[in-house]
Peer 1: 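Sending over a structure as structure tokens; questions will come in a sec.
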Amino acid sequence: MAASRRRHATPGRISRVGRQAVPRPRVVMAVLLLLGLVCMMLLDGYLRAEIGDDQRVRTGASADSVPADVLEGGPILSFPGGTARTQSVPDKTIVLTFDDGPDPEWSGKVMDILDENDVPGTFFLVGSMVARYPDVVRRMVDEGNEVGVHTFTHVDLSYQSEARVKREIAQTQLALAGAAGITTTLFRAPYSSKTDAIDDYSWPVYERLGAMGYTSVFIDTDSEDWQRPGVSKIVKWATPEDGEGASVLFHDAGGDRSETLAALPEYIEKMKAKGYTFTTVSGAQQQAGGDDDDTAAAAPTGPGQTGGTQGDPAQAAHREADTASLWEGRALLAAVRVAEWTVPGLATMLGVVGVAVLGRFGLMLLLARRHHRQRNRRRFSWGPEVTGPVSVIVPAYNEKECIAATLNSLAASTHPIEIVVVDDGSTDGTAEIAESLGLPNVRVIRQENAGKPAALNNGVRQARYDIVVMMDGDTVFEPDAVHQLVQPFADPGVGAVAGNAKVGNRSTMIGAWQHIEYVMGFNLDRRMYDLLRCMPTIPGAIGAFRRQAVLEAGGMSEDTLAEDTDITIALHRAGWRVVYAEHARAWTEAPSSLGQLWRQRYRWSYGTMQALWKHRRSVTDRGPSGRFGRVGMPLVVLFQIVTPVFAPLIDVFTVYAMVFVDFRASLLAWLAVLAVQLFCAAYAFRLDREKYRYLLMMPLQQLAYRQLMYLVLIHSCVTAATGGRLRWQKLKRTGEVGTPHVGAS
């Protein structure tokens, strides 16, 4: 966009110490912020990655490797001395077990019932739920209940690798350590039932866990409360045969547990009336051990445990967490709290961004259609045809590849012009090439290298006519471009006109992506801003100004890196109208590499922020200045800064939803958004009479190019927030845009 740059400027992204490149703090900050966000989303997704109803129950699986005394034994399986032993719950004894908690609503109510009836419970907890609701776990332990591991993500361990099994257990233990300062030796596998359901797939898992010091707990009786069959059936199904002891399964999470809450008091009263007592798994083990020392299971020390008990026989399975596990657990809970706050907050932002993006598309389509119809009516006229000569200013710094094509295109202009080439200290013979062409009405003015704004100001001062056209040294005009561009000056209220910049080198993938962006974004935007009378930028590639208006505004300022945006806003504030001439077309050479594209857009983004900040007082001004400040500036901030900065959330959450929620639904949602964008792009191409074949590149543009633009804008925001400075960068030109693309598409 800019044709001349400060001579020795370099990109402000890294500083060099000796021969090593050291990233600047703002780059490190941006990378750390991105990594932190990704980690928080991965953690939140992992916490929510529960299998749910996918129970993966096998039918007909053999149990040849499972010892017969285990299949026929009691519900408490341990491995003292490496040998599998089972224990039964003593007669007239009930071990109340609850699966799938903790739950912030139901677990507390279950504990209220247990407390009222002076009955202990054994809760098998899902680690991800422990991490999210540590207060509930702390209450369980404090009130004398026993807790066990139910994996971290409620996954069927018989389908998992050995490493995954260890990770599921260890993470749950860390969560318990952080929540209540304890670990446990008790384990219950998700989707397990009685010991006779152990098969050749699950038995190796129990053996490994036994070797690690865990006691696996099964059931004798299932209340089947998860089916919500009604209170009477829950009570009936949970009742063992008369006199027999039982490990009974209820649930305190995983859905609506209102029937469980209603059945539990009735069940406890019924069993007490039959002479039953209630205990925990550890209590049942101790009672069974007292009756038969040979079958009693020792209380092994599990991972992360010091070996000390909690002092309560009913909690003998609990161990005090060691210092390392305690702090690791607390760190896990802290990370979970951050993730629990961050992800919903980002989801809310996503909703706002999504509404803003769709609103922008709708507004652009509506106003672009109105603009096209209004400006292309046969009776539409700005006033008497402007036929007087104008001055065309061409700032140039080392443009030897492009300057000849640029000047030759101007020489073919159908409108009378003078051409003022301001050579900004070029070292490649740009001025000599311009003079050697021998074109009429061409003046070459040499100056010391001072930057593009100084070159433009010099050209404005040297211009002979009241209307000046500004362009870049790498741009090619169509023959009628100048004539179309100056017609709005028939209206005395118009102070500047933005032309239609087109990408000339669109044969490459990067060029095609920029072509789509120019047609869809820049030109649809300009139609919208034109009707709203708050055009924020006249493109440096093609724009026209009243010479006196530019001089009264103080000329092209060096205060920002976006002198075109700066002067446009300044003209608005001075009361001039800025309009868009869609038929005034110029062809510019877009960056041909990702590195050059990054540098160009980085400068554009940062310069736009500088210009908006410079003119921030327009928000409280009156008249045309206030109109831009209260209409144009919010639109630019919303659509060109805020929305693009947060737009990556759409892609991030799409990936998040594909992995952790619903792949198909998420993919369809993404495709729907792409379809909306394709529709808008197709309409923009229709208005500009472009060929639709380039839209085939749009899906890939959304996956690659758009992400690059997001990173550029975020980098610019970080630079602005940290007070970084950015200088002009000279882009490498190839001269590919060599001839006017008259009517090309």
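Keep in mind that what you see is a predicted model, and the values were worked out from it rather than measured.
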Peer 1: Check whether any side-chain heavy atom of His615 lies under 4.5 Å from a side-chain heavy atom of His572, and answer yes or no.
Peer 2: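 Side-chain contact under 4.5 Å: no.
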Peer 1: Does atom CZ of Phe679 have more than 12 heavy-atom neighbours from other groups under 6.0 Å away?
Peer 2: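 Atom CZ in Phe679 is not packed in, count stays at 12 or less.
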Peer 1: Side chain of Arg526, backbone of Met535: donor and acceptor closer than 3.5 Å?
Peer 2: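 Not at all, since once roles are kept as given, no pair shorter than 3.5 Å links the two residues.
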Peer 1: Is it true that atom CZ of Arg533 has more than 12 heavy atoms of other residues, nucleotides or ligands lying nearer than 6.0 Å?
Peer 2: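 It does not: Arg533 CZ has 12 such atoms or fewer within range.
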Peer 1: Determine whether Arg573 and Phe628 make a side-chain contact, defined as any pair of heavy atoms from C-beta on separated by less than 4.5 Å.
Peer 2: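 No, side chains not in contact.
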Peer 1: Counting distance only, does the side-chain N/O of Thr568 pair as donor-acceptor with the main-chain N or O of Ile538 below 3.5 Å?
Peer 2: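 Yes, because the side chain of Thr568 sits within donor-acceptor range (under 3.5 Å) of the backbone of Ile538.
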Peer 1: Identify the residue among Asn441, Val392, Val486 that makes a side-chain contact (heavy atoms from CB on, under 4.5 Å) with Ile417.
Peer 2: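 It is Val392; the other options fail the test.
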Peer 1: For Arg617, I'd like to know if atom CZ has over 12 heavy atoms of other residues, nucleotides or ligands within 6.0 Å.
Peer 2: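 Open.
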Peer 1: Do Asp428 side-chain atoms and Lys400 backbone N/O form a donor-acceptor pair below 3.5 Å?
Peer 2: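 Yes.
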Peer 1: Could you verify whether a donor N or O on one side chain and an acceptor N or O on the other, from His583 and Asn376, lie under 3.5 Å apart?
Peer 2: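 Judged by distance alone, the side chains do pair up.
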Peer 1: Evaluate the ring planes of Phe380 and Trp382, with Trp represented by its six-membered ring, and classify them as parallel (under 30°), tilted (30 to 60°) or perpendicular (over 60°).
Peer 2: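 Phe380 vs Trp382 ring planes: perpendicular.
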Peer 1: Gln484 and His415: side-chain donor and acceptor closer than 3.5 Å?
Peer 2: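 Side-chain D/A pair, Gln484 to His415: absent.
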Peer 1: Is there a donor-acceptor contact under 3.5 Å from the side chain of Arg506 to the main chain of Tyr694?
Peer 2: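 No.
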Peer 1: Quick check for you: to the nearest 0.5 Å, what is the distance between Ile393 atom CD1 and Met556 atom CE?
Peer 2: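 Spacing of CD1 (Ile393) from CE (Met556) equals 9.0 Å.
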Peer 1: Are the charged groups of Lys502 and Glu478 less than 4.0 angstrom apart, N to O?
Peer 2: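 Answer for the salt bridge query: no.
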Peer 1: Measure from the side-chain N and O atoms of Asp566 to the backbone N and O of Ala611, and report whether any donor-acceptor pair falls under 3.5 Å.
Peer 2: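 Answer holds: no.
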Peer 1: Does Val421 reach the side chain of Glu435, with side-chain heavy atoms less than 4.5 Å apart?
Peer 2: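 No, side chains not in contact.
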Peer 1: Within the distance-only criterion (no hydrogens, no angle test), does the side chain of Asp491 pair as donor or acceptor with the backbone N or O of Gly493 below 3.5 angstrom?
Peer 2: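 Yes, because the side chain of Asp491 sits within donor-acceptor range (under 3.5 Å) of the backbone of Gly493.
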Peer 1: Given side chains that start at C-beta, do those of Val394 and Ile403 come closer than 4.5 Å, heavy atoms only?
Peer 2: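 The answer is yes, as the side chains (C-beta and beyond) meet within the 4.5 Å cut-off.
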Peer 1: Within a strict 4.5 Å, meaning less than it, do heavy atoms of the Leu571 and Phe545 side chains meet?
Peer 2: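 Yes. Closest side-chain heavy atoms under 4.5 Å.
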Peer 1: Enter the distance from Ser426:OG to Gln447:CD here, rounded to the nearest 0.5 Å.
Peer 2: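 Answer rounded to 0.5 Å: 9.5 Å.
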Peer 1: Verify, without hydrogens or angle tests, whether Asp424 (side chain) and Gly451 (backbone) share a donor-acceptor contact under 3.5 angstrom.
Peer 2: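 Checked: pair present.
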Peer 1: Which pairs would a plain distance check flag for residues 351-370, meaning a side-chain donor or acceptor within less than 3.5 Å of a matching protein atom at least two apart in sequence or in another chain?
Peer 2:
from   : atom 1 : to     : atom 2 : distance (Å)
Arg360 : NH2    : Asp525 : OD1    : 3.2
Arg360 : NH2    : Asp525 : OD2    : 2.8

Peer 1: If you draw a 6.0 Å radius around CG in Asp466, do more than 12 non-hydrogen atoms from other residues or ligands fall strictly inside?
Peer 2: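 Check fails, neighbour count at 12 or below.
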Peer 1: Do Leu410 and Glu418 have side chains that approach each other closer than 4.5 Å (heavy atoms only, starting at C-beta)?
Peer 2: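 Side chain of Leu410 against side chain of Glu418, heavy atoms only: no contact under 4.5 Å found.
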Peer 1: I want to check something: taking the side chain as every heavy atom from C-beta on, are Glu399 and Thr406 in contact at a cut-off of under 4.5 Å?
Peer 2: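 Not touching, per the 4.5 Å side-chain cut-off.
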Peer 1: Checking the side chain of Arg464 only, and the main-chain atoms of Ser391 only, is there a donor and an acceptor separated by less than 3.5 Å?
Peer 2: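 Flag not set: sc Arg464 to bb Ser391 has no pair under 3.5 Å.
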Peer 1: Do side-chain atoms of Glu517 reach the backbone of Trp513 as a donor and acceptor pair under 3.5 angstrom?
Peer 2: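 Side chain of Glu517 to backbone of Trp513, a donor-acceptor pair under 3.5 Å: no, none is there.
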Peer 1: Around atom CZ of Arg630, are there more than 12 heavy atoms of other residues, nucleotides or ligands at under 6.0 Å?
Peer 2: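 Yes, CZ of Arg630 has more than 12 neighbouring heavy atoms, counting only those of other groups under 6.0 Å.
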Peer 1: Under a 4.0 Å N-O cut-off, is there an ion pair linking Glu563 with Lys452?
Peer 2: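 Counted as a salt bridge, because a side-chain N and a carboxylate O are separated by less than 4.0 Å.
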Peer 1: Just wondering, do Leu524 and Leu687 contact through their side chains at under 4.5 Å, heavy atoms?
Peer 2: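 Contact flag for Leu687/Leu524 side chains = yes.
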Peer 1: Around Arg622, counting heavy atoms of other residues, nucleotides and ligands shown, do more than 12 lie under 6.0 Å from its CZ?
Peer 2: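 Result for CZ/Arg622: open.
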Peer 1: Does any N or O in the side chain of Thr508 come within less than 3.5 Å of the main-chain N or O of Gly511, such that one atom is a donor and the other an acceptor?
Peer 2: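 Checked: pair present.
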Peer 1: Are the aromatic ring centres of Phe685 and His515 under 6.0 angstrom apart?
Peer 2: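 They qualify: ring centres under 6.0 Å apart.
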